[in-house]
Student: 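Got a structure for you, written out below as structure tokens; questions coming shortly.
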Amino acid sequence: MPELPEVETVRAWLAPALIGSTLRRVEFRREDLRYPIPVAAVHGHVGQRVTAVRRRAKYLLFDTHDDVSNGTSALLVHLGMSGRCWLEPNPQDPPAWKKHEHWRMWWMQRDTPQLLRYEDARRFGALDVVPDEAAHRLLVTLGHEPFDPAFSGAWLHRSTRRRTTAIKTFLMDAKRVVGVGNIYASEACWRAGVHPLKPAGKVGRVAANRLVQAVRDVLQEAIAAGGSTLKDFVGGDANPGYFQQRLDVYARGGQACHRCEPDGEADDADAPAFPISRSVLLGRATYYCPVCQK
DNA sequence: CCGACAACCTGTGAGC
DNA sequence: TGCTCACAGGTTGTCG
């Protein structure tokens with residue numbers, strides 16, 4: 001489930017609860033997610049207080065401060081493909097561990113206990129400690145944040161020259177720009193009218209500008225939509241439907257292009273004149289309109 | 001350096 | 001009902 005908007009949504013939900021809280025206890029069910037969890041180092045954060053809850057790329061960062069040593073550190077949480085991280089609404093009477101729930105963190109906010117739970121069926125996620133953000137191996141390689149002015153049409157145009165890789169693949173490369181996952185990469189290409197399989201080096205200045213704007217717009221709109229269904233996602237077991245109903249191409253293979261055939265209306269309309277195509281790029285489903293995306 | 005691909009792991013839904 | 005297969009929103013590592 002998590003692309004950047006989902007992670008940002010979780011961050012916004014956790015921040016007010018965790019900021020100012022002190023870590024009291026950590027429990028593990030499994031110590032091997034994508035990487036081995038440095039269990040001792042995580043336990044070492046007990047007693048520390050959260051000063052900020054941030055997002056970098058798709059990583060959540062809980063900044064912590066140790067009043068005793070006056071040192072600062074951070075806990076890093078990644079949701080991978082199937083991860084969820086949420087505050088238990090009923091910490092006084094905590095439910096049994098879910099099948100793929102791997103760790104729990106108990107926090108104290110003034111006199112109020114809080115329970116942070118984490119589940120991840122596929123275990124592509126991660127939990128790590130970050131004593132020095134500038135040196136952390138998962139963070140040092142990351143490219144621009146999409147809302148950073150450094151991610152601009154000029155930059156995109158400049159950094160794609162002579163690149164033969166598909167523009168969609170380039171946009172999904174976190175060493176270049178972070179937070180653009182498979183869904184939003186397809187969506188941004190459609191909005192910009194750029195064919196996702198087009199060699200990155202052949203994207204012109206005008207199209208590069210449109211792509212950058214499209215990436216920002218689609219992420220921003222998805223964040224806004226995520227906020228509106230936040231409770232369903234964080235509080236209970238409800239499946240986040242978020243932005244699904246607003247997608248123009250993703251998972252819409254064979255259905256009418258919203259631009260070429262706006263009155264193609266319902267997704268169950270038969271035989272649209274301008275159907276969305278699906279192809280596979282680097283093993284990932286890629287959706288586009290072959291007519292209006294050049 | 002670049003680009004293509006396999007790998008990590010489990011769940012779900014479609015088709016038979 | 002039960003089996004098999006394709007596929008799933010991320011990221012790293014390796015190989016040519």
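Convention: sequence-line order gives letters A, B, ...; per-chain numbering from 1.
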Student: Would the number of heavy atoms belonging to other residues, nucleotides or ligands and lying under 6.0 Å from CZ of A/R216 be above 12?
Tutor: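 Buried by this count: over 12 neighbours within 6.0 Å.
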Student: Please state how far atom NZ in A/K58 lies from atom P in C/dT12, giving the value in whole angstrom units.
Tutor: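 To the nearest whole Å, that distance equals 11 Å.
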Student: Run through A/N182, A/V194, A/D173 and flag the one making a side chain to side chain contact (heavy atoms under 4.5 Å, CB included) with A/K168.
Tutor: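 Testing A/K168 for a side chain to side chain contact (heavy atoms under 4.5 Å, CB included) against A/N182, A/V194, A/D173 leaves exactly one candidate, A/N182.
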Student: How is A/A126 classified with respect to the nucleic acid when contacts are heavy atoms under 4.0 Å: base, sugar-phosphate, or nothing?
Tutor: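 Counting heavy atoms under 4.0 Å across all strands, no contact is made by A/A126.
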Student: Taking atom C1' in both B/dG3 and C/dG9, compute the distance separating them and give it to the nearest angstrom.
Tutor: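 After rounding to an integer number of Å, I get 23 Å for this pair.
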Student: Grab the CZ-P distance between A/R84 and C/dG9 for me, whole Å please.
Tutor: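 After rounding, the gap between these two atoms is 19 Å.
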Student: Would you measure the distance from the P atom in B/dG11 across to the matching atom in C/dT12 and give it in whole Å?
Tutor: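 Approximately 24 Å lies between the P atom of B/dG11 and that of C/dT12.
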Student: What is the separation between atom CG on A/N182 and atom P on C/dA8, rounded to the nearest whole Å?
Tutor: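 Rounding to the nearest Å, CG of A/N182 and P of C/dA8 are 8 Å apart.
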Student: Write down the distance separating the P atoms in C/dT14 and B/dC9, rounded off to the nearest Å.
Tutor: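 Pairwise P distance, C/dT14 against B/dC9, rounds to 16 Å.
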Student: Measure CZ/A/F170 against P/C/dT11 and give the value in whole Å, please.
Tutor: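 In whole Å, C/dT11 P and A/F170 CZ are 16 Å from each other.
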Student: Rounding to a whole Å, what distance do you find between A/Y59:OH and C/dG10:C1'?
Tutor: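 Nearest whole value for this atom pair: 8 Å.
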Student: Between A/R84 and A/E119 (salt bridge meaning N to carboxylate O under 4.0 Å), is one present in this structure?
Tutor: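 Yes, this pair counts.
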Student: In whole angstrom, what separates A/L139's CG from C/dT12's P?
Tutor: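 Nearest whole value for this atom pair: 10 Å.
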Student: Closest heavy-atom contact between A/Q48 and A/S73?
Tutor: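 Looking at all heavy atoms of both residues, the shortest contact is OE1-CB, 4.4 Å.
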Student: Can you tell me which nucleotide in C/dT11, C/dG9, C/dG13 comes closest to the side chain of A/R137?
Tutor: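 My answer, after comparing the listed nucleotides, is C/dG13.
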Student: Nearest 0.5 Å, what's the OH-CG distance between A/Y35 and A/L138?
Tutor: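 It comes to 5.0 Å.
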Student: Rounding to an integer number of Å, can you tell me how far A/E3 CD sits from C/dA8 C1'?
Tutor: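 It works out to 12 Å between those atoms.
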Student: Over 60° means perpendicular and under 30° means parallel, so classify the ring planes of A/H43 and A/F28, tilted if in between.
Tutor: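 Aromatic pair A/F28/A/H43 classed perpendicular.
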Student: For C/dC7, take OP1 and OP2 only and decide whether either is under 4.0 Å from a side-chain N or O of A/R284.
Tutor: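 The answer is no; no side-chain N or O of A/R284 sits under 4.0 Å from OP1 or OP2.
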Student: In whole angstrom, what separates A/L127's CG from C/dT11's P?
Tutor: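 A/L127 atom CG is separated from C/dT11 atom P by 16 Å.
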Student: Quick one: look up who B/dC9 pairs with, Watson-Crick or G-U, both distances under 3.5 Å, and put none if it's unpaired.
Tutor: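 Across all strands, not a single nucleotide pairs with B/dC9.
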Student: Do the ring planes of A/H144 and A/W155 sit parallel (below 30°), tilted (30 to 60°) or perpendicular (above 60°)?
Tutor: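 Rings of A/H144 and A/W155: perpendicular, as their planes differ by over 60°.
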Student: Do nucleotides 3-13 of chain B as a string where each nucleotide becomes B, S or -: B if the base has a protein heavy atom under 4.0 Å, S if just the sugar-phosphate does, - if no protein is that close.
Tutor: SS---BBBS--
